[in-house]
There are 2 protein chains.
Amino acid sequence: MDDLGQSDSAEREDPRIRATRIQDVAKLADVSTATVSRALATPERVSPEARARVLEAIAKTGYVPNPAARSLRSQKTFMVLVVLPDLSNTFFSKILRGIEETLFDAGYGMIISDLDGSPAKEAHFAAFTAAGRVDGAILLNGHLFGQSREGEGQPARIAIPLVALCEAIPGADIPQIEIDNRAAASRMTQHLASLGHRRIAYVSGPASNILERERFLGFKDGLEAAGLPFDPAFVIPGDYTIESGVAAGQGLVARKTRPTAVFCTSDEMAIGLMRTLLSAGLRVPEDISVAGFDDIEFAAVAEPSLTTIHQPRRELGQAAATVLIDLLQGRPTRKQIRLETELVIRDSVAPAG
Amino acid sequence: MDDLGQSDSAEREDPRIRATRIQDVAKLADVSTATVSRALATPERVSPEARARVLEAIAKTGYVPNPAARSLRSQKTFMVLVVLPDLSNTFFSKILRGIEETLFDAGYGMIISDLDGSPAKEAHFAAFTAAGRVDGAILLNGHLFGQSREGEGQPARIAIPLVALCEAIPGADIPQIEIDNRAAASRMTQHLASLGHRRIAYVSGPASNILERERFLGFKDGLEAAGLPFDPAFVIPGDYTIESGVAAGQGLVARKTRPTAVFCTSDEMAIGLMRTLLSAGLRVPEDISVAGFDDIEFAAVAEPSLTTIHQPRRELGQAAATVLIDLLQGRPTRKQIRLETELVIRDSVAPAG
DNA sequence: CAACCCCATGTAATCGATTACATGCAACTT
DNA sequence: AAGTTGCATGTAATCGATTACATGGGGTTG
């Protein structure tokens, strides 16, 4: 079961067969390497006969151009870096899929950088992009990287096209793809208020997060629009994770004056919070209504099913990738794209009792 | 809000500053390019003074080696391809994180290929690896790719190191990292039986899937060990998704003779199924016990919380990456690694009433 | 003192594609 | 018929790093 020797056999059976090169194809098709290259890149500039011979030779040899050589010469990698704060977060996976499929269709590959809160990783990937290893990057982490901290002299970096997705990057002059977090949060707050809720708690994201700041403003907007006062005591700190939702729930259970509705700024927190309330014998939504944000897959099958704000995650990914590709290929792009959200009404919110 | 002109300004402000090359560093440090290269790759072969001058020059210029050039010459990319069937599946995200962090620490980057059931994508990535664009690959999709279908002649591919993760690949002579699906399924089945359940239903994965085949065998093992007969009527088809769990639940609700326990081979299905049962007025676990498999994040906060099989997902990813790196660096590796699973007992399973 | 070795370093070939420039031929113009 | 145009193609420079081989100087050994 625990055989060793894998590498030995690998060494034996692998005499490093040199892959087919453009020269081999050229020889076989009886043309020059330039013609082979042109037959692939600009077929219209090659005679039909030569092209046919080249294609036949390629089919016969299974030739695939060496990307390192191509990249070295043409200064293009056809690779895009996707920077995100936490790869294991449910919220990102569908966005990634939208990005991947769009990039794929345009012939680009995707390299993922999971920052994981590590400045070292961030510096590494900053160098990575500077080294020209990717043609462009999509930033989901809310800030640019490598603020000229290392080299003292003139860094002389190559500036590659960047796009910010979900988390807008304030001072940066790059396209932003996002939803209107403020408006969505306001809408949810007003929805709760319209059902008669007067004591509405708010479970926040990390204070430094731009999404949090927008949603918090939206929450206050909503209160104001509904003529409700803002009470700081009803703001509960969170960080978008299930665990922080659980913790927020525990805090609520212990209170004397409970809110009648809780607006969680992520579905993960809402699900964790509901769990805690239910365990403590409270009923959702009869005793407390709970609302979420994001509309992840599990929102619809939570018990009770979760009223939330739907984000078009796949489309967000697609839009960001599309904009980046436009940028890479020199087409004009929009500076800001805001996709529509939707208020999804399910069972976790009921009229105030 | 919808400004155009991004690309115009990009063209203006971007005179394609050429990045620092090894020559620039060499000139500045007053040594040859060979010495610069050696100072980085084999510092012990360079005099301390020269090394110091080189490092200083590098710091001053912010030099980063051009990866395309390096890769072209050395035939290494320091990139690993991760092939998976569905990037948006919750189950994979934590595995990916384990892979990414391990690769990162070893200086490798990660390229993700989401096959999405598309043979075209599969062929593309087969060519991709063949083109030497990555040094190795981790396969999470249960089979090798590109079975010599395209070129008629001798494909003459470069064989790169591969590792199979989670889904073992039968005929392939590559390292396998997985859990013992059969034993785990058997264990869960026996757990249910030990609580007095005699009518145990099984919600399957896709029939073609190797995980499914193993788990199904384990289910039968468990029944046999408990002295229970196998009844095909209690096998309900599924495909690991929430939706198929919902569908399976609808089927159950409609039955006259219901099982007293349901073993779902994924947590997603279990959660979807519980949701349907609850909506139909059945109680979990009082009327029907439900068990899952995987122990995803949401299992602990489902209502009721889900009894399931814990898979060490992050560790699986780390193990696969570690083995691949060993392979890439010529160290001997184990052919098969099986990580331990754990039976996690929560509230969705109760003794048979 | 001569012969040898080793170490640090430099010179230049090399990886495999793209592409600027050169060439030669055919077709068209006046 | 001479000149012009344009197309298909070939030749060779080029991208930037790695590395085999060459070189020269200092130290060791017989």
Side-chain angles (χ1 to χ4, degrees), chain A residues 16-55 57-58 61-78 107 127-128 130-133 135 156 158, chain B residues 16-55 57-58 61-79 127-128 130-133 135 156 158:
Chain A
R16 264 302 154 206
I17 314 153
R18 198 185 242 120
T20 321
R21 293 161 307 161
I22 197 170
Q23 286 212 18
D24 307 326
V25 175
K27 199 168 296 173
L28 192 60
D30 197 32
V31 294
S32 71
T33 60
T35 300
V36 175
S37 181
R38 282 190 282 253
L40 291 171
T42 51
E44 73 280 4
R45 300 190 48 75
V46 168
S47 71
E49 309 82 53
R51 195 189 319 157
R53 286 211 308 285
V54 167
L55 293 180
I58 288 176
T61 54
Y63 166 74
V64 181
N66 179 315
R70 181 210 290 269
S71 166
L72 176 59
R73 177 67 226 239
S74 62
Q75 309 286 10
K76 287 193 175 133
T77 63
F78 282 95
F128 195 87
R133 193 128 189 182
D135 292 342
I158 303 179
Chain B
R16 262 302 154 208
I17 314 151
R18 198 184 244 121
T20 323
R21 294 160 308 160
I22 196 170
Q23 285 213 19
D24 307 326
V25 175
K27 199 168 294 171
L28 193 59
D30 196 31
V31 294
S32 72
T33 60
T35 299
V36 175
S37 181
R38 282 190 281 253
L40 291 171
T42 52
E44 73 280 3
R45 302 189 45 77
V46 168
S47 71
E49 308 82 53
R51 195 189 320 158
R53 286 212 308 285
V54 168
L55 293 180
I58 287 176
T61 55
Y63 166 74
V64 181
N66 180 315
R70 181 211 291 271
S71 166
L72 176 59
R73 176 66 224 240
S74 62
Q75 309 286 9
K76 286 193 176 132
T77 62
F78 281 95
M79 278 287 157
F128 195 86
R133 193 130 190 181
D135 292 342
I158 302 178

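Below, chain A is the first sequence line, B the second, and so on; all start at residue 1. Being a predicted model, the structure only gives us computed values, none of them experimental.
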Of the candidates C:dG10, D:dC15, D:dT18, the side chain of B:Arg73 sits closest to D:dT18

Test side-chain contact (heavy atoms from CB on, under 4.5 Å) applied to A:Lys27 - qualifying residues, sequence neighbours left out: none

Contact class for A:Val36 vs. all strands (heavy atom < 4.0 Å): base, sugar-phosphate, or nothing? nothing

Between D:dT19 (C1') and B:Leu40 (CG): distance, integer Å: 14 Å

From CD1 of B:Ile22 over to P of C:dT11, roughly how many Å is that when rounded to an integer? 14 Å

Pairs of donor and acceptor atoms involving the side chains of residues 28-37 of chain B, under 3.5 Å and at least two apart or interchain, shall be tabulated with distances.
unit_1	atom_1	unit_2	atom_2	d
B:Ser32	OG	B:Ala34	N	3.4
B:Ser32	OG	B:Thr35	N	3.4
B:Ser32	OG	B:Thr35	OG1	3.4

Please check the phosphate of D:dT9 (OP1 and OP2 only) for any side-chain N or O of A:Ser47 closer than 4.0 Å. yes

Spatial distance of atom CG (A:Leu72) from atom CG (A:Asn66) [nearest 0.5 Å]: 9.5 Å

Between A:Arg70 (CZ) and D:dT14 (C1'), how many Å, whole number? 17 Å

For residues B:Tyr63 and B:Ile22, determine if any side-chain heavy atom of one lies less than 4.5 Å from a side-chain heavy atom of the other. yes

With side chains defined as the heavy atoms from C-beta onward, is the minimum distance between B:Val64 and B:Thr20 less than 4.5 Å? no

Expressed as a whole number of angstroms, how long is the span from B:Gln75:CD to D:dA20:P? 13 Å

Where the side chain of A:Tyr63 is defined as all heavy atoms beyond and including C-beta, which of D:dA17, C:dA17, D:dG16 is the nearest nucleotide? C:dA17

Output yes when a side-chain donor or acceptor of A:Asp135 lies under 3.5 Å from a complementary backbone atom of A:Lys76, and no otherwise. no

How close or far is atom C1' of D:dT19 from atom CZ of B:Arg45, stated in whole angstroms? 11 Å

Looking only at atom types and distance, does a side-chain atom of A:Arg51 sit under 3.5 Å from a main-chain N or O of A:Val46, one as donor and one as acceptor? yes

5′-ward residue of the pair A:Pro65/B:Glu44 relative to DNA chain C: B:Glu44

Taking the side chain of B:Ser37 as heavy atoms from C-beta outward, which of D:dT18, C:dC15, D:dG10 is closest to it? D:dT18

Which part of the nucleic acid, if any, lies within reach of A:Val31 when heavy atoms closer than 4.0 Å are counted: base, sugar-phosphate only, or nothing? sugar-phosphate

Distance, rounded to the nearest Å, where A:Leu72 contributes CG and C:dT19 contributes P: 12 Å

Residue whose closest nucleotide on DNA chain D lies nearer the 5' end, B:Ala68 versus B:Thr35: B:Ala68

Winner on side-chain proximity to A:Arg38, out of D:dG10, C:dG10, D:dC15, is D:dG10

For C:dG16 and A:Thr33 - does any side-chain N or O of the residue sit under 4.0 Å from the phosphate oxygens OP1/OP2? no

Would you work out how much the helix from C:dC1-D:dG30 to C:dT30-D:dA1 bends between its ends, with each end axis defined by five base pairs, to 10 degrees? 50°

Counting side-chain heavy atoms from CB outward, which of C:dG16, D:dT18, D:dT19 is closest to B:Ala34? D:dT19

Output the rounded distance in Å from CG (B:Asn66) to C1' (D:dT14). 13 Å

Regarding A:Ala41, tell me which of base, sugar-phosphate or nothing describes its non-hydrogen contacts under 4.0 Å with the strands shown. nothing

Expressed as a whole number of angstroms, how long is the span from A:Arg133:CZ to D:dC15:C1'? 16 Å

Any donor-acceptor pair under 3.5 Å linking the side chain of A:Thr42 with the backbone of A:Glu44? no

